[in-house]
Peer 1: 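Encoded as structure tokens, here's the structure I'll be asking about.
Order of listing sets the numbers, starting from 1, for every ligand and every atom in it.
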Amino acid sequence: MLKVLVSDPISDLGIQQLMDAEDVVVDKKTGLSEDELIQIIGDYDALLVRSQTRVTPAIMKAGTRLKVVGRAGVGVDNINLEAATERGIIVINAPDGNTITTCEHTFAMMMALARHIPQAYAKTINGTWDRKTFLGVELRNKTLGVLGMGRIGSEVAKRAKAFGMNILGYDPFLTKERAEKMGVTLASVDDIIRNADFMTVHTPLTPETKHMIARPQFEVMKKGMRIINCARGGIIDEMALIEAIDEGIVAGAAFDVFESEPPAADHPFLSHANIIVTPHLGASTVEAQENVAIDVSEQVLHILRNEPFKNAVNMPPVAPSVMNIIQPYFKLGETLGSFAAQMANEAIQEIHIDYSGDLSEVDTQQLTRYVLKGILERHLGSEANIVNSLHLAKIREINVVVSQAPRTKGFTNLITVTLKNQHEQERRIAGTLLAGYGERIVRLDHFPVDFAPEDHQIFISHNDKPGIIGRVGTLLGENDVNIASMQVGRKIIGGAAIMILTVDKEVPKEVLQKLIELPELNTAQEIVLQK
Ligand SMILES: NC(=O)C1=CN([C@@H]2O[C@H](COP(=O)(O)OP(=O)(O)OC[C@H]3O[C@@H](n4cnc5c(N)ncnc54)[C@H](O)[C@@H]3O)[C@@H](O)[C@H]2O)C=CC1
Ligand SMILES: O=C(O)CCC(=O)C(=O)O
């Protein structure tokens, strides 16, 4: 049974599909300390979190069965990605499900800030009818600066246009053309600081964005600016902001997020008349919580069941159009890797992966991870997976060389894997995906072959002589090993040759030994695959 731990409050409706899955048990245990999590995480295959649980290296270390950490939301700053990658734990998030909700919260904050709604509400319910203090400003004809024009920033810009605002947008990936299409003026951070009436930030917190708005920016800021942060605490320097408000540079601020959450009781934001706050509620709507929980549950199920998945944060993203092309080759890539690793009997120093034909013009990085997983699994077992296979090869100083070429020697697609040892000796295997036939191995070392890889095969090398096939067949038959298919390969009559037999079950060690002892054979080995 697969076990999933849900350690933060996550929508029940969203995780329903996990709870309904017959091969999955879901435990909900929220509010655990790091030590408590360390005690129990070893029992689980997957961990589902929102932003409260800090998934530390110690938790990953204790999670010996842990295959995936799923974040029901966007930001993964509560998950140690480095530790996850090192341990081969896949980290996935649900990047799309809370975009609109967080955008709407940003707008709620911007309007509340413009019209002093929280302050006016507090006074009114306390019995003071004050119509003088809370003079607001309109959004119409104001300039809104948006730092970070990703999913949320773009939606904010779209809605701001409907309010008649002029929008200045900055994002390292925002082109002039895309900005124009959105009705946004492409600007620099400096333009925004000097010209915006409202500024909202929608970037992740990275070393580059930490304190991107701090004392030097406040010093040149347009007087009277209002600032909103519904992204991550720390993008705006909190103490520098307080100073800027007190000096009259900034008119007010609305923050949903803090450098440290929850903020200390004496945090200056909590008592400042010109600052309004919410407790990280950006994504807190019924709709968003269902969306992100559904997304993340679906992907966790795929991962636990070894099916293709998306939204892995600790692997490079793959465009859907590319994924459609390379995904059918994942299993073949792994098979070739595993086969090649079993052919090599010395430490591997270099791995060459050549993609040709249909695979020559797409980004094959993800496919390479599968080939490497197949190779490394031989010695590292389940420690190797597609998240850490590149990393594992790198720390073992195995040189991975990937090439792509349009020519295919008659195949529409071909993957060739060559393993080199320290003596420059090579083992090579090539495979293709044939429409209607599936995976075919078409080359072993320098011999052309054509067979469908199976769970068990015997790989024999010998010299081409009459009678060898019969002798091998008799020996296996006498020992109750049924041959499903046989392929022989040779370059010249009477020269070096290979024989590949697919058999129905595991070959007993003593039978393999008897084969090795046949004087006509040079080598015989069992190749085991997981088909
Ligand atoms: N308050 C809340 O409850 C929520 C907060 N968030 C946070 O909102 C932020 C934005 O989320 P999304 O729009 O979904 O992410 P996104 O990944 O779609 O957009 C982020 C954008 O920031 C840009 N960026 C990175 N460095 C930058 C820099 N130095 N200057 C300007 N732009 C930069 C990126 O190029 C990207 O386009 C994230 O920090 C996320 O964690 C998201 C959902 C809910
Ligand atoms: O789970 C939450 O409520 C926080 C959402 C958030 O900050 C995010 O998705 O980045």
Side-chain angles (χ1 to χ4, degrees), residues 6-11 14-15 30 48-55 70-79 81 91-110 145-159 168-175 178-179 182 184 186-193 196 199-214 217 228-236 254-259 261-262 277-293 295-296 311 313 317:
V6 179
S7 66
D8 283 332
I10 293 181
S11 154
I15 56 170
T30 56
L48 248 66
V49 301
R50 261 175 83 178
S51 51
Q52 293 93 317
T53 302
R54 303 210 72 77
V55 191
R71 159 73 161 106
V74 185
V76 284
D77 30 1
N78 53 322
I79 302 169
L81 294 181
V91 178
I92 50 160
N93 68 351
D96 303 311
N98 61 24
T99 299
I100 300 300
T101 278
T102 310
C103 158
E104 289 182 0
H105 193 73
T106 304
F107 250 90
M109 293 293 263
M110 182 151 59
V146 184
L147 289 180
M149 289 284 294
R151 286 174 291 258
I152 299 170
S154 302
E155 291 295 333
V156 168
K158 206 188 279 178
R159 282 153 184 75
L168 299 178
Y170 170 71
D171 188 300
F173 294 112
L174 183 65
T175 60
R178 216 183 118 237
M182 290 193 284
V184 168
L186 184 62
S188 64
V189 179
D190 197 55
D191 289 337
I192 290 175
I193 287 162
M199 177 171 72
T200 179
V201 293
H202 299 286
T203 71
L205 180 68
T206 62
E208 197 199 333
T209 61
K210 185 164 168 106
H211 290 182
M212 73 188 282
I213 306 299
Q217 286 72 32
I228 303 108
N229 184 359
C230 289
R232 279 293 177 268
I235 298 170
I236 294 161
F255 271 53
D256 183 45
V257 286
F258 295 81
E259 289 193 21
E261 292 183 9
V277 290
T278 45
H280 204 144
L281 291 183
S284 294
T285 61
V286 176
E287 294 85 350
Q289 286 314 306
E290 277 176 22
N291 289 342
V292 292
D295 282 359
V296 87
N311 299 336
V313 179

Peer 1: Could you list the atoms of ligand 1 found under 4.0 angstrom from a heavy atom of Gly148?
Peer 2: 22 (O), 31 (C), 32 (N)
Peer 1: Number the atoms of ligand 1 from 1 as they appear, then name those within less than 4.0 Å of a heavy atom of Gly75, with their elements.
Peer 2: 41 (O)
Peer 1: List the protein residues in contact with ligand 2, where contact means a heavy-atom separation under 4.0 angstrom.
Peer 2: Arg50, Ser51, Arg71, Ala72, Gly73, Val74, Gly75, Asn98, Arg232, His280, Ala283
Peer 1: Quick check for you: to the nearest 0.5 Å, what is the distance between Thr106 atom OG1 and Ile228 atom CD1?
Peer 2: 8.0 Å
Peer 1: Considering only heavy atoms, which of Ala94, Pro204, Gly150, Cys230 lies nearest to atom 22 (O) of ligand 1?
Peer 2: Pro204
Peer 1: Would you call Glu155 and Arg159 a salt bridge, taking side-chain N to carboxylate O under 4.0 Å as the test?
Peer 2: yes
Peer 1: Of the choices Arg50, Met149, His280, His105, which has the non-hydrogen atom that lies closest to atom 3 (O) of ligand 1?
Peer 2: His280
Peer 1: With atoms numbered from 1 as shown, which atoms in ligand 1 lie under 4.0 angstrom from a non-hydrogen atom of Thr209?
Peer 2: 26 (N), 27 (C), 28 (C), 29 (N)
Peer 1: With distance as the sole criterion, is a donor-acceptor pair present between the side chains of Ser51 and Asn78 under 3.5 Å?
Peer 2: no
Peer 1: Heavy-atom contacts under 4.0 Å between Met212 and ligand 1: side chain, backbone, both, or neither?
Peer 2: side chain
Peer 1: Asp256 heavy atoms, cut-off 4.0 Å: which ligand 1 atoms fall inside?
Peer 2: 1 (N), 2 (C), 3 (O)
Peer 1: Could you pull out, from Gly169, Pro172, Ser154, Cys103, the option with a heavy atom nearest to atom 24 (N) of ligand 1?
Peer 2: Pro172
Peer 1: Have a look at Arg151, Arg232, His202 and point out the one with the heavy atom closest to atom 16 (P) of ligand 1.
Peer 2: Arg151
